[in-house]
There are 2 protein chains.
Amino acid sequence: MPDQLGAKLRRLRQNKGVSLRTVESETGISNAYLSQLERGVATNPNPIKLRKLAEYFNAPYLDLLAHAGYLPSGARENYQGLIANSVGSSRKESQLSSSIVDLTNDEENLVLQYIEFLKSRRN
Amino acid sequence: MPDQLGAKLRRLRQNKGVSLRTVESETGISNAYLSQLERGVATNPNPIKLRKLAEYFNAPYLDLLAHAGYLPSGARENYQGLIANSVGSSRKESQLSSSIVDLTNDEENLVLQYIEFLKSRRN
DNA sequence: AATATATGCATGATATGTCAAGCAAAGGCA
DNA sequence: TGCCTTTGCTTGACATATCATGCATATATT
C-alpha cells in the first residue's frame, strides 16, 4: 500500500500554489488522473509519471518512488544497501557509506579533508 | 526506451537454468508476460513485478529498474545524487558520498579507521 | 444580476499491462 | 514408434492506468 503518495502530491501542489490544470499543462498528466492520485483512488502510477512530477515540483524522485511503494522507505541506509547490491561495491565501501550517515558537520569536514589528503599523495 | 531489460531477464533466467513456467510458479508472473518482457514486446512492467524478479534471480533491483528506464543508468554517482536529493543530506555529505567512490581498498580502510576514531572521541 | 472563467471531481472511453487458454515443436520415455 | 510432457510463444480476454468530456460549484468580471 503506497505510503500516502496522494497526500504528498497534494501538499507539493498546494505548496506551489497551482491548480490541477496547471500541473496538467506542465507535465502532460491529465487533471483527472492527478486528482485520482491525490485522493488515493489511483495508487500505482508508472514511475515515468512520478519522475515528471518530481521534476515539476523539484521534489526528490526516490522519495516519490518510496511513497508509491516501489522503493523501501527513504532512509539512507536502505538506499545505500540497494546501491551496494546494484553496482557491486565492496563490502568495505558499503561500510563506508553507512558510516558517513551520522557524522556531524565538523566530522564531515575532517573526513573530506582526510580523503583529499589521501588522494593527493597518490603520485 | 528500456535498456535491454528483456535481454537482461532472459540472461538471468537462462543462467539459472529454468523455464518460463518455473519462473511463473515462483514469482506469480505469467509465462506469457515473461516471454513478452524477454522479447521486448512488453517494456513497461510495474516495479513490483521487477522486484519479484530481482528477488527470485537474486539480482540487484536498482539494476532492473535502470534497465526498465525508471532510474538513471547504474552508476553509483547517479544513485548517490538521487539519494542526496531524496533524504536531504547536506551538500558536504553529498561530496563525501561522491568522494568515496574512487578510493582504493587501502584508502577505504584508512578512512574507515579515521571515522571510527572520530566517533570514538565524541565523549 | 448575469455571464464567464477556474476548479476539483465523476464517469465513460481508450490505452496498456497482464493473464488464461491453446498451438506447434522439441524432447523424454516406454 | 507412439504417446506424453515440456517449452516458448500467440492471441483474445481481462484488469488497470490514464484520458477526454462534462458536471457542479465557486470566483471573477462586466
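In the text below, chain A, chain B and the rest are named by the order of the sequence lines, each starting its count at 1. The analysis underlying the following values was restricted to heavy atoms, covering all of them including side chains, and did not include hydrogens, waters or symmetry mates. Predicted model only: the values in this text are computed from it and were never measured.
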A.B. asks: Under the side chain to side chain contact (heavy atoms under 4.5 Å, CB included) test against E107(A), which residue among L103(A), N105(A), N109(A) passes?
C.D. replies: L103(A)
A.B. asks: Base, sugar-phosphate, or nothing: which does A42(A) touch, judged by heavy atoms less than 4.0 Å apart?
C.D. replies: nothing
A.B. asks: Does a side-chain N or O of N46(B) approach OP1 or OP2 of dG17(C) to a distance below 4.0 Å, or not?
C.D. replies: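 N46(B) to dG17(C) OP1/OP2: no side-chain N or O under 4.0 Å.
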A.B. asks: Under 4.5 Å between any side-chain heavy atoms of V18(B) and Y56(B), yes or no?
C.D. replies: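 Answer yes - side chains close enough.
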A.B. asks: Calculate the interatomic distance between I48(B) atom CD1 and dA15(D) atom P; express it in whole Å.
C.D. replies: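 Interatomic distance, CD1 of I48(B) to P of dA15(D): 18 Å.
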A.B. asks: Rounded to whole angstroms, how far apart are CD1 on I29(B) and P on dC19(C)?
C.D. replies: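 Roughly 7 Å, once rounded to whole Å.
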A.B. asks: Does dT7(D) have its OP1 or OP2 closer than 4.0 Å to a side-chain nitrogen or oxygen of S19(B)?
C.D. replies: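 Looking at the OP1 and OP2 atoms of dT7(D), one of them is under 4.0 Å from a side-chain N or O of S19(B).
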A.B. asks: Q14(B) CD to dG8(D) P: how many Å, rounded?
C.D. replies: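 Result: 8 Å.
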A.B. asks: Can you figure out which of dG17(C), dC9(C), dC19(D) approaches the side chain of S35(A) most closely?
C.D. replies: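 Closest of the options to the side chain of S35(A): dC9(C).
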A.B. asks: OP1 or OP2 of dC19(D) sitting under 4.0 Å from any side-chain N/O of R21(A)?
C.D. replies: no
A.B. asks: When the distance from CG of L20(B) to C1' of dC19(C) is rounded to whole Å, what number comes out?
C.D. replies: 14 Å
A.B. asks: Under 3.5 Å, is there an N or O donor on one side and an acceptor on the other linking the side chain of N31(A) and the base of dC9(C)?
C.D. replies: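 Result: at least one qualifying N/O pair found.
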A.B. asks: Whole Å only: how far is the CD atom of E38(B) from the P atom of dC9(D)?
C.D. replies: 7 Å
A.B. asks: Could you state the CD-P distance from E24(B) to dG8(D), rounded to the nearest angstrom?
C.D. replies: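 Rounding to the nearest Å, CD of E24(B) and P of dG8(D) are 11 Å apart.
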A.B. asks: Can you check side chain to side chain contact (heavy atoms under 4.5 Å, CB included) on Y70(A) and L62(A), steps first, answer last?
C.D. replies: CA-CA 9 Å; Y70(A) 298 154; L62(A) 294 190; over 6 Å; no
A.B. asks: Can you check the L50(B) CG to dG17(C) C1' distance for me, whole Å?
C.D. replies: 12 Å
A.B. asks: Quick one: R13(A) CZ to dA6(C) C1', roughly how many Å, whole number?
C.D. replies: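 From R13(A) CZ to dA6(C) C1': 13 Å.
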A.B. asks: What's the closest nucleotide to the A32(B) side chain, out of dG8(C), dC19(D), dA21(C)?
C.D. replies: dA21(C)
A.B. asks: Consider side chain to side chain contact (heavy atoms under 4.5 Å, CB included). Of L5(B), L12(B), L9(B), which one does E38(B) pass it with?
C.D. replies: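 Single side chain to side chain contact (heavy atoms under 4.5 Å, CB included) partner of E38(B) among L5(B), L12(B), L9(B): L9(B).
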A.B. asks: Output the single nucleotide from dC19(D), dC9(D), dC19(C) whose closest atom is nearest the side chain of R39(B).
C.D. replies: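 When the side chain of R39(B) is considered, dC9(D) is the closest of dC19(D), dC9(D), dC19(C).
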A.B. asks: So how far is it from Q14(A) CD to S19(A) OG, rounded to the nearest 0.5 Å?
C.D. replies: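 One gets 11.5 Å once the value is rounded to the nearest 0.5 Å.
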A.B. asks: Counting only side-chain nitrogens and oxygens, does R10(A) get under 4.0 Å of the OP1 or OP2 atom of dG8(C)?
C.D. replies: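 Checking R10(A) against dG8(C): no side-chain N or O falls below 4.0 Å of OP1 or OP2.
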A.B. asks: Across the strands shown, which category fits Q36(A) at heavy-atom distances under 4.0 angstrom: base, sugar-phosphate, nothing?
C.D. replies: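 Touches a base.
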